[in-house]
Protein chains: 2
Amino acid sequence: MAQPSEPTLADVAREAGVSLTTVSRVLNNRGYLSQATKDKVAAAIQHLGYRPNQVARSLHGKSTQTIGLIVPTVALPFFGELAVEIENALAEHGYRILICNSMGRSDRERDYLDLLVGNRVDGIISGAHNEDLDEYHSIRMPLVTIDRTLSPRIPNVRCENEAGGRMATRRLLDAGARRPALLTSRSHPLNLRERGYRSVLKEAGIEPIVLEVPFHTPAQERPILVAECLDGATEMIDAVFATDDLAAAEVIEWARQRDLEIPRDLRVIGFDGTGTVRRALPGLTTIRQPLDLLARKAVEILMEQIASPRSTKRDGGGDPLADEDEAIALTVEFPVTLIEGWTA
Amino acid sequence: MAQPSEPTLADVAREAGVSLTTVSRVLNNRGYLSQATKDKVAAAIQHLGYRPNQVARSLHGKSTQTIGLIVPTVALPFFGELAVEIENALAEHGYRILICNSMGRSDRERDYLDLLVGNRVDGIISGAHNEDLDEYHSIRMPLVTIDRTLSPRIPNVRCENEAGGRMATRRLLDAGARRPALLTSRSHPLNLRERGYRSVLKEAGIEPIVLEVPFHTPAQERPILVAECLDGATEMIDAVFATDDLAAAEVIEWARQRDLEIPRDLRVIGFDGTGTVRRALPGLTTIRQPLDLLARKAVEILMEQIASPRSTKRDGGGDPLADEDEAIALTVEFPVTLIEGWTA
DNA sequence: TTGAAAGCGCTAACAC
DNA sequence: GTGTTAGCGCTTTCAA
């Protein structure tokens with residue numbers, strides 16, 4: 001609700017003494033214009049402080065040049081940094097970003113999905129962590145997920161989670177750990193980092209110890225839950241692979257409180273390697289996800305979908321074999337890197 | 001560019017066998033409708049998977065129910081968390097947020113300002129750190145800044161920075177520090193945290209030592225610059241007040257590398273107290289800003305401005321005295337709190 | 001209770 | 001080169 005109401009094309013046209021079309025033309029630099037006209041219009045625009053109403057422009061052109069990003073919360077460094085990378089990648093294509101923080105609530109995620117469709121964003125990138133909403137399957141617009149398989153038909157970009165899990169676990173064993181525990185937000189057969197952890201331990205003939213603290217646990221309760229898990233296992237472990245860096249930080253704090261020296265008494269390795277955690281905890285050994293590559297790839301896929309409005313059908317039907325092929329191609333994985341610190 | 005093109009009001013009307021108006025009415029629940037009509041229309045909407053085009057709605061109603069937030073980058077926990085708090089506060093008023101990361105570049109900030117005005121957001125919250133852009137003064141819509149004085153006529157919300165600076169410095173002295181240094185992003189008479197630091201030292205008759213590492217220094221270079229500053233002053237200091245927590249973390253890492261034990265050899269206190277840093281570095285003594293209160297207040301002020309489209313003139317003129325009074329009322333400050341850790 | 005019609009600000013044929 | 005005009009999808013008088 002612009003207050004003394006923004007000037008419109010008509011105002012500019014009147015001020016410059018030309019027609020609407022002419023103004024529109026100089027704005028979009030289309031068609032033939034005399035230099036004199038251009039100057040007149042430019043002066044009027046300048047004088048009125050006119051800025052084209054993108055809303056009206058979108059209504060006509062059907063393109064809002066906006067994409068929606070759904071994440072649990074940009075308050076977490078991983079998603080904050082991801083959002084920035086995506087914004088930068090989009091900017092190169094002339095797109096902007098509408099960020100939606102689902103806060104892990106599926107009702108909010110559903111609302112945001114409606115909102116984005118209602119606002120006719122040109123596409124959606126979803127990096128939320130919720131149980132899968134049916135709503136996604138009725139989305140008729142370009143859609144890409146990050147680190148989340150919604151359906152084999154929806155393209156997905158992620159890092160090599162399983163390889164990362166293996167890398168982390170092996171790193172602990174290489175350092176001499178004999179009983180490395182896994183601390184993760186949800187133990188599950190599809191938890192690929194966990195799968196990597198288990199596979200390395202299996203090869204080594206070591207029994208896995210899996211500790212769980214749910215992803216959406218309120219920050220104040222986390223240290224308590226983490227301590228409970230760890231206290232319960234303290235005799236059996238000599239290392240922890242935390243599947244995210246902040247959980248690793250909680251392990252470190254627990255060790256400090258229990259007078260365990262790191263890495264002598266306990267080795268710790270994290271996962272993510274965000275810039276923020278690396279600033280806050282430069283000594284943390286961790287597995288870094290290539291956020292920039294994930295973001296660029298997700299945007300690239302989205303841009304392809306936008307450019308080629310092919311049927312975007314995700315509703316069964318079609319050649320099952322072709323679908324299968326497509327499904328494989330639709331998941332893109334990027335390698336992770338080990339970042340050495342002194343905690344492992 | 002919704003691909004098989006989203007259904008429109010007209011589609012629903014046709015499907016339901018009623019007029020556009022009727023559909024619009026049931027959508028907005030306005031006027032008298034027979035239950036039968038309501039049901040018919042509801043069925044059609046359901047069947048088509050219709051979602052109102054908010055773009056068109058905005059074009060007419062002049063309200064986009066969106067506000068723009070400009071911050072340096074949500075990749076920093078302070079701004080990430082601020083963005084989430086603002087989003088939550090806005091949601092209670094039925095508003096959404098368009099997040100713009102200026103990345104500290106004034107050209108980007110300028111572009112975003114144009115974008116927001118062009119998109120007819122209903123208001124803007126600016127928490128960017130750039131040198132002040134003239135563009136802000138030509139903004140004709142509700143505008144609130146966070147921790148940034150743009151002009152005495154633009155409302156500003158912030159924490160009690162100077163009191164916070166005093167609190168931090170006094171805490172160091174109370175712990176026994178005799179030569180506390182300040183580490184800040186920009187030393188300046190208007191740097192209120194610095195001012196607080198200086199005032200306490202003055203009372204105590206201690207000479208200030210101010211170290212500077214610019215805000216927008218790339219992450220990789222920061223540890224080097226911090227180390228340079230600190231190495232140069234190492235003989236003269238026994239404590240550091242870092243004006244943000246991540247800088248404090250860098251001080252801690254430097255101390256570790258130099259084999260200085262904290263807090264015995266060096267006391268460290270930070271500023272901000274974001275949730276992320278408290279998770280990563282729970283032992284850090286710091287000054288917490290009440291992000292939730294800042295966010296709520298900024299949104300509240302914005303909502304008031306939106307509700308009362310008073311002249312919103314910021315272009316000189318008017319009674320200077322009244323302006324003066326207003327200017328005072330327009331800055332709202334919230335108290336900070338000391339968070340005890342073991343680093344000081 | 002319901003419908004027809006006039007815009008909201010802008011773009012894009014299609015004239016002149 | 002420049003203007004006229006018909007929409008984009010929706011809301012909202014004003015009639016019926």
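Chain A is the first sequence line, chain B the second, and so forth, proteins listed ahead of strands; every chain is numbered from 1.
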> Should Y50(A) be listed as having a side-chain N or O under 4.0 Å from OP1 or OP2 of dC10(C)?
Replying inline: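 For dC10(C), OP1 or OP2 has a side-chain N or O of Y50(A) closer than 4.0 Å.
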>> Taking only side-chain N and O atoms of R57(B), does any of them lie within less than 4.0 angstrom of OP1 or OP2 on dT11(D)?
In response: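 Checking R57(B) against dT11(D): at least one side-chain N or O falls below 4.0 Å of OP1 or OP2.
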> For the side chain of T8(B), counting heavy atoms from C-beta on, which of dT2(D), dC10(C), dG9(D) is nearest?
Replying inline: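 Nearest nucleotide to the side chain: dG9(D).
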> Where the side chain of L33(B) is concerned, which of dT2(C), dG9(D), dG1(D) is the nearest nucleotide?
Replying inline: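 Output: dT2(C).
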>> Using side-chain heavy atoms (C-beta onward) and a distance below 4.5 Å, is L98(A) in contact with R96(A)?
In response: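 No. Closest side-chain heavy atoms not under 4.5 Å.
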>> With a 4.0 Å cut-off on N to O distance, would you call K40(B) and E15(B) a salt bridge?
In response: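 Between E15(B) and K40(B) there is no salt bridge, as every charged N stays at least 4.0 Å from the carboxylate O atoms.
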>> Is it the case that dG9(D) (base atoms only) and H60(B) (side chain only) share a donor and an acceptor within less than 3.5 Å, ignoring hydrogens and angles?
In response: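 No pair found.
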Roughly how many Å is it from [atom1] in [X] to [atom2] in [N], rounded to a whole number?
X      : N       : atom1 : atom2 : result
Q54(B) : dT11(D) : CD    : C1'   : 13 Å
N28(B) : dT12(D) : CG    : C1'   : 10 Å
L59(A) : dC10(C) : CG    : C1'   : 8 Å
E6(B)  : dC10(D) : CD    : P     : 10 Å
K38(B) : dT1(C)  : NZ    : P     : 9 Å
Q35(B) : dT2(C)  : CD    : P     : 11 Å
R51(B) : dC10(D) : CZ    : P     : 13 Å
D39(A) : dT2(D)  : CG    : P     : 11 Å

> Is there a donor-acceptor pair closer than 3.5 Å between any side-chain N or O of E109(A) and the backbone N or O of A128(A)?
Replying inline: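 Side chain of E109(A) to backbone of A128(A), a donor-acceptor pair under 3.5 Å: no, none is there.
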> Is a donor on one side and an acceptor on the other found under 3.5 Å between the side chain of S58(B) and the backbone of Q54(B)?
Replying inline: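 Yes; judged by distance alone, with no hydrogens or angles, the pair exists.
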>> Under a 3.5 Å threshold, yes or no: a donor from one side chain and an acceptor from the other, between T21(B) and S24(B)?
In response: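 Distance-only check fails for T21(B) and S24(B).
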> What are the residues of residues 9-27 of chain A, sorted by number, that bring a heavy atom to within less than 4.0 Å of DNA chain D?
Replying inline: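 Within residues 9-27 of chain A, the residues near DNA chain D are V18(A), S19(A), T21(A), T22(A), R25(A).
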> Counting only heavy atoms not in H93(B), do more than 12 fall under 6.0 Å of its NE2?
Replying inline: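 Result for NE2/H93(B): enclosed.
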> What is the distance from atom CZ of R51(B) to atom CG of L27(B), rounded to the nearest 0.5 Å?
Replying inline: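 Reported to 0.5 Å precision, the distance equals 13.0 Å.
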